Amino acid sequence: MTSDKPAAGRRLEQMEELVSLCARRGFIFGSSEIYGGINGFWDYGPLGVELKNNLEALWWQRVVRERDDVEGLDSSIISHPRTWEASGHVEHFSDPMVDCRSCKRRFRADQLDEACPEAPAQRRVSACDLTEPRNFNLMLQTRLGASEDAASEAYLRAETCQPIFTDFKRVREASRQKIPFGIAQIGKAFRNEINPRNFTFRSREFEQAELEFFCHASEREKWFEHWLEERLAFHRALGFDDAHLRTRAHESDELAHYAKQAVDVEFLFPFGWQEIEGIHDRGDWDLTRHSEYAGKELAVTDPETKERFVPMVIETSVGIDRTCLALLCHAYEVEDLEGGEDRTVLRLHPALAPIKAAVLPLSKKLAEPARAIERELRRHWNVFYDDSGNIGRRYRRQDEAGTPFCVTYDFDSQEDGKVTVRERDSMDQDRVAVAALTSYLRERLEPVG
Ligand code: GAP
């Protein structure tokens with residue numbers, strides 16, 4: 001849709017439209033909405049869960065299944081509390097924050113240039129009556145068992161990788177892997193973010209897909225380059241173009257003290273360039289610390305040289321929610337059509353689209369053969385059946401959901417055994433024999449890249 005607004009303003013306006021589409025169409029909406037919501041928590045509805053599952057399945061396929069040097073893991077969310085002492089989270093995982101003495105709100109000390117949500121006339125937070133900054137630990141705590149003493153305290157994991165390190169020896173021995181090899185997991189992580197914002201971008205509960213790749217010190221750089229390339233290829237295969245994707249190497253003063261190098265993969269969101277993935281050289285920090293804290297040997301022996309060493313770790317850590325949000329932002333378009341009309345369309349890659357095909361009988365009288373087609377397609381994909389409203393409106397509903405193909409069964413179909421297949425982006429239509437429909441769609445729904 002054309003607009004005279006400056007590009008940045010229009011992008012933010014589109015973000016608001018997208019947030020509203022996500023709620024209306026059941027992609028993503030606030031958790032516990034009937035109680036007024038809970039800040040930083042989101043629920044994925046029927047379309048959102050399919051999108052997220054497709055993205056996770058693709059990551060798993062690329063990172064785990066297609067390789068013989070990566071093993072999968074699904075660890076518990078709560079680990080022994082010593083895990084988080086060893087990892088440094090108990091001591092260091094904090095953001096500096098300030099409290100406002102008048103409205104009692106809490107803000108991140110590095111984000112004071114924003115408008116105060118309580119003040120009239122757009123006053124900056126920095127102009128409020130603020131306390132001195134103090135550190136606020138971001139880990140979410142819980143209690144185990146009935147007692148209320150310190151021994152019952154535990155944490156919801158702040159990143160999915162720590163159990164990979166504590167399970168390293170067990171997984172290596174069980175899978176009989178030799179260095180170099182990796183362990184991957186997808187799962188929930190929790191951070192008590194002071195200021196959750198930008199829709200799902202900064203949440204308190206989110207999903208990470210992480211790979212920890214263990215190698216010899218002499219091969220650190222080689223594997224860092226390898227995984228950076230692999231991960232960029234993945235993001236490009238999702239459909240992100242160069243105008244929306246870039247890398248940013250961390251400056252030396254940004255690096256964690258144990259890290260040798262780190263590169264962020266950034267996406268251009270409507271609210272600016274932001275990190276969606278980090279590729280980090282974590283050195284031997286994690287295994288060494290867990291070895292010390294647990295009193296367990298985590299070094300390995302090179303079977304040929306007999307050298308004993310603690311492996312170095314190259315990590316790739318992508319946020320599933322942030323990537324879903326990037327996919328939705330990238331796919332969202334309000335397109336001008338001839339005759340002054342417009343249509344809202346989500347141009348998601350077919351392999352990621354929540355619904356692969358919609359079956360639309362032209363009339364309710366054609367339900368029986370149309371339902372038979374739906375049943376056949378459902379054996380392979382997530383399919384939607386819709387016989388209500390005029391066909392143009394039904395196409396629009398599917399465009400908004402990102403459905404790549406609409407299959408229309410009309411009165412001619414009964415005569416010629418063919419259906420009309422309409423493609424979402426071009427709106428081109430093909431007449432396809434019902435008997436060939438599954439293979440026609442399969443060819444076009446091939447996995448990405
Ligand atoms: N194990 C390394 C690690 O956790 P990180 O940069 O803190 O590194 C990795 O997080 C990824 O997890 C980020 O690139 C981002 O995609 C996602 N992520 C981190 N915090 C998040 C939050 N509060 N909400 C949503 N996603 C988040």
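All ligand and atom numbering here is 1-based and tracks the order in the structure. Since we're looking at a predicted model, the values are computed, not measured. Start at 1 with the first residue, then count along the sequence.
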- Message: Could you identify the single nearest non-hydrogen protein atom to atom 10 (O) of ligand 1 and state the distance to 0.1 Å?
- Response: Gln208 NE2, 3.4 Å
- Message: Under a 3.5 Å threshold, yes or no: a donor from one side chain and an acceptor from the other, between His280 and Gln261?
- Response: no
- Message: Under a 4.0 angstrom heavy-atom cut-off, which atoms of ligand 1 come close to Glu210?
- Response: 1 (N), 2 (C), 3 (C), 4 (O)
- Query: Taking atom types as modelled, is there a side-chain donor on Asp241 or His330 under 3.5 Å from an acceptor on the other?
  - Reply: yes
- Task: Consider every N or O of Val318 and every N or O of ligand 1, then say whether any pair is closer than 3.5 Å.
- Result: no
- Any side-chain donor paired with an acceptor under 3.5 Å for Glu307 and His216? yes
- Walk me through it: do Arg157 and Ser75 pass the test side chain to side chain donor-acceptor pair (under 3.5 Å)? CA-CA 10 Å; Arg157 66 184 176 204; Ser75 74; 3.1 Å; yes
- Query: Can you say whether the rings of Phe269 and Phe271 are parallel (under 30°), tilted (30 to 60°) or perpendicular (over 60°)?
  - Reply: parallel
- Can any side-chain N or O of Arg282 pair as donor or acceptor with the backbone N or O of Met312 at less than 3.5 Å? no
- Glu277 heavy atoms, cut-off 4.0 Å: which ligand 1 atoms fall inside? 14 (O)
- What atoms in ligand 1 come closer than 4.0 Å to a heavy atom of Glu159? 1 (N), 2 (C), 3 (C), 4 (O)
- Query: Which residue holds the protein heavy atom closest to atom 17 (C) of ligand 1, what is that atom called, and what is the gap in Å?
  - Reply: Gly319 CA, 3.7 Å
- Query: Can you tell me the protein heavy atom closest to atom 13 (C) of ligand 1 and the distance?
  - Reply: Glu275 OE2, 3.3 Å
- Query: So is Arg282 close enough to ligand 1, meaning a heavy atom under 4.0 angstrom away?
  - Reply: yes
- Item | Sub-4.0 Å atoms of ligand 1 with respect to non-hydrogen atoms of Cys161 | 1 (N)
- Do me a favour and list the nearest non-hydrogen protein atom to atom 9 (C) of ligand 1 with residue, atom name and distance? Ser317 OG, 3.0 Å
- Message: The criterion is side-chain hydrogen bond (donor to acceptor under 3.5 Å, both in side chains); which residues satisfy it with Arg322, sequence neighbours excluded?
- Response: none
- Residues at least two apart in sequence or cross-chain that pass salt bridge (Lys or Arg N to Asp or Glu O under 4.0 Å) with Arg172, listed by chain then number, are none
- Starting from atom 15 (C) of ligand 1, find the nearest protein heavy-atom neighbour and note its residue, name and distance. Arg322 NH1, 3.4 Å
- Item | Donor-acceptor side-chain pairing of Glu50 and Tyr44 below 3.5 angstrom | no
- Can you tell me if Ile276 has a non-hydrogen atom under 4.0 Å from ligand 1? yes
- Compare Arg157, Arg191, Gln274 and give the one whose heavy atom is closest to atom 7 (O) of ligand 1. Arg191
- Query: By number and element, which atoms of ligand 1 are closer than 4.0 Å to a non-hydrogen atom of Glu315?
  - Reply: 1 (N), 2 (C)
- Message: My understanding is that we take every heavy atom of each candidate and find the minimum distance to atom 22 (C) of ligand 1. Doing that for Phe206, Phe93, Phe190, Phe267, which one comes out nearest?
- Response: Phe206
- Before giving the answer on side chain to side chain contact (heavy atoms under 4.5 Å, CB included), spell out for Val70 and Arg65 the whole-Å C-alpha distance, their side-chain angles and the decisive distance to 0.1 Å. CA-CA 8 Å; Val70 177; Arg65 293 229 176 120; over 6 Å; no
- Query: Going by the order shown, which atoms of ligand 1 are within less than 4.0 Å of some heavy atom of Ser203?
  - Reply: 22 (C), 23 (N), 24 (N), 25 (C)
- Query: Between Glu210 and Thr160, is there a donor-acceptor pair closer than 3.5 Å when you use the side chain of the first and the backbone of the second?
  - Reply: yes
- Query: Which residue supplies the protein heavy atom nearest to atom 25 (C) of ligand 1, what is that atom called, and how far is it?
  - Reply: Phe201 O, 3.1 Å
